[in-house]
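First up is the structure itself, then whatever we jot down about it.
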Amino acid sequence: MKKLILILLLTLLGTGVATAQDAVVRSFSAEPMDVTARQHSRLDLHGVKCAVVKVQVVADGVAFKGNLIGEPVENPGEYWVYLTEGTKQFQILSRSFLPLMYYFPEPLRSGLTYVLTLQAPQPSASSANNPTVADVDITKNYEIFQNSSTKKWGFKHNNNVVIPAQYDWAGEFSEGLAQVIINGKYGHIDKNGAIVVPAKYDNAGFFKNGLALVQIKGRWGYIDKTGNLVISARFDNAWEFNKDLAKVEIKGKYGFIDKTGRVVIPAIYDDAWGFVNGKCHVTAYGRRFYIDRYGNEVE
């Protein structure tokens, strides 16, 4: 009996070793023409713009450790990780592969966007029969390209044009939709190039948790995927939702709203960062301290 138990334990351990594999680093590069780090900037505790590392990988339960500012922005097959200037390394965790400590070729620079592409180990036969949403979302493999003659932007898939270069500018797909500029105005298209949100906004963000930022006459609000203005454009500035809260600026002060547009944490702070582990770093009254998701001061 003891021998049988020992054999079973060894079998289980062997199975664990077999399934726990390393991810493969396919490429890493600085992308100075990518304006993500500038258009969607975050500041560190010293007011310096962070670098953005776009980690491209299809895997389960992806998380990061290191000099992060706020929570990563999750898009299909891609994660925007905000890291402080000078960062030399960070760790990538996932249920799909062993923990990976990645060392950057050189310290990250403020306000610059980088792209790190990983390949996760192939799933087992059983999991392959049950693909996740990310597996079947074809837009995760769309690539933006610019026609050198017309200077218009479109999308390719496997080096084939799937959406012709017909836009003044195009952003990456998020939650099945992508930002485009037509005649100086922002809208959103689907994977076939059909206009889902009419190009009528002065500016617009990507979709996250079903909502996207839009700018109307200098004010910011939020639309849903049908283009309905679900939170009126009344804020001086606004940011993407982090779970159920979004940072907004009102008369030079910062606070947070919920998905109904209700101000749940008053705009009384001189500055505020994103929530990490349920806490947000803020400054007010000449002090720096943390608040929880209800606006209470915490350690």
Side-chain angles (χ1 to χ4, degrees), residues 26-42 49-57 73-82 108-117 137-208 211-223 225-227 229 233 237-240:
R26 289 302 184 191
S27 64
F28 175 79
S29 62
E31 302 291 337
M33 299 305 292
D34 188 319
V35 299
T36 303
R38 298 192 294 275
Q39 284 192 347
H40 304 281
S41 63
R42 289 182 188 172
K49 280 187 178 181
C50 296
V52 173
V53 178
K54 292 184 176 181
V55 180
Q56 298 178 339
V57 62
V73 175
E74 183 176 353
N75 297 306
E78 184 176 86
Y79 302 82
W80 297 1
V81 186
Y82 287 80
L108 299 183
R109 293 162 50 194
S110 169
L112 194 62
T113 303
Y114 301 82
V115 176
L116 172 62
T117 303
D137 182 5
I138 193 173
T139 62
K140 67 183 176 64
N141 293 320
Y142 278 14
E143 298 178 358
I144 306 169
F145 78 97
Q146 185 180 32
N147 184 300
S148 58
S149 299
T150 65
K151 304 302 180 183
K152 298 288 187 178
W153 296 83
F155 294 85
K156 290 182 178 181
H157 180 231
N158 292 334
N159 210 34
N160 296 314
V161 175
V162 290
I163 300 177
Q166 55 190 323
Y167 308 106
D168 300 329
W169 176 84
E172 296 176 348
F173 273 86
S174 175
E175 297 187 0
L177 299 178
Q179 309 144 275
V180 294
I181 297 179
I182 303 173
N183 296 327
K185 294 291 185 178
Y186 285 76
H188 293 81
I189 60 171
D190 66 13
K191 65 180 181 180
N192 299 313
I195 298 175
V196 177
V197 178
K200 62 180 182 180
Y201 299 104
D202 300 329
N203 205 337
F206 57 88
F207 275 93
K208 182 180 180 184
L211 298 177
L213 282 162
V214 292
Q215 187 183 41
I216 305 172
K217 296 180 180 179
R219 299 283 183 171
W220 291 89
Y222 298 81
I223 59 171
K225 288 188 175 181
T226 66
L229 190 66
N237 207 345
W239 285 258
E240 289 81 17

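Any value given below was found using the heavy atoms of this structure, including those in side chains, with hydrogens, waters and symmetry copies removed.
Qualifying ring-ring contact (aromatic ring centres under 6.0 Å, His included) partners for Tyr114, counting only residues two or more places apart in sequence or in other chains: Phe28. In this structure, the side-chain contact (heavy atoms from CB on, under 4.5 Å) partners of Ile223, at least two apart in sequence or on a different chain, are His188, Val197, Tyr201, Phe207, Ala212, Val214, Leu229.
Judged purely by atom type and a 3.5 angstrom limit, Gln179 uses its side chain to pair as donor or acceptor with the backbone of Ala204. The backbone N or O of Asn160 sits nowhere less than 3.5 Å from a side-chain atom of Asn158 that would complete a donor-acceptor pair. Judged by distance alone, the side chain of Asp34 and the main-chain N or O of Thr36 form a donor-acceptor pair under 3.5 Å. Between the Ser110 side chain and the Lys49 main chain, a donor and an acceptor come within less than 3.5 Å of each other.
Remark: aromatic rings of Phe173 and Phe155 are close, center separation under 6.0 Å. Ring pair His40/Trp239: centre-to-centre distance not below 6.0 Å.
Ile138 places a side-chain heavy atom less than 4.5 Å from the side chain of Lys191. At least one side-chain heavy atom of Val161 sits less than 4.5 Å from a side-chain heavy atom of Phe145.
Annotation: salt bridge (Lys or Arg N to Asp or Glu O under 4.0 Å) contacts involving residues 149-173, sequence neighbours excluded, comprise Lys54-Glu172, Lys152-Asp168.
Side-chain contact annotation: Gln56 with Thr117, donor-acceptor N/O pair under 3.5 Å present.
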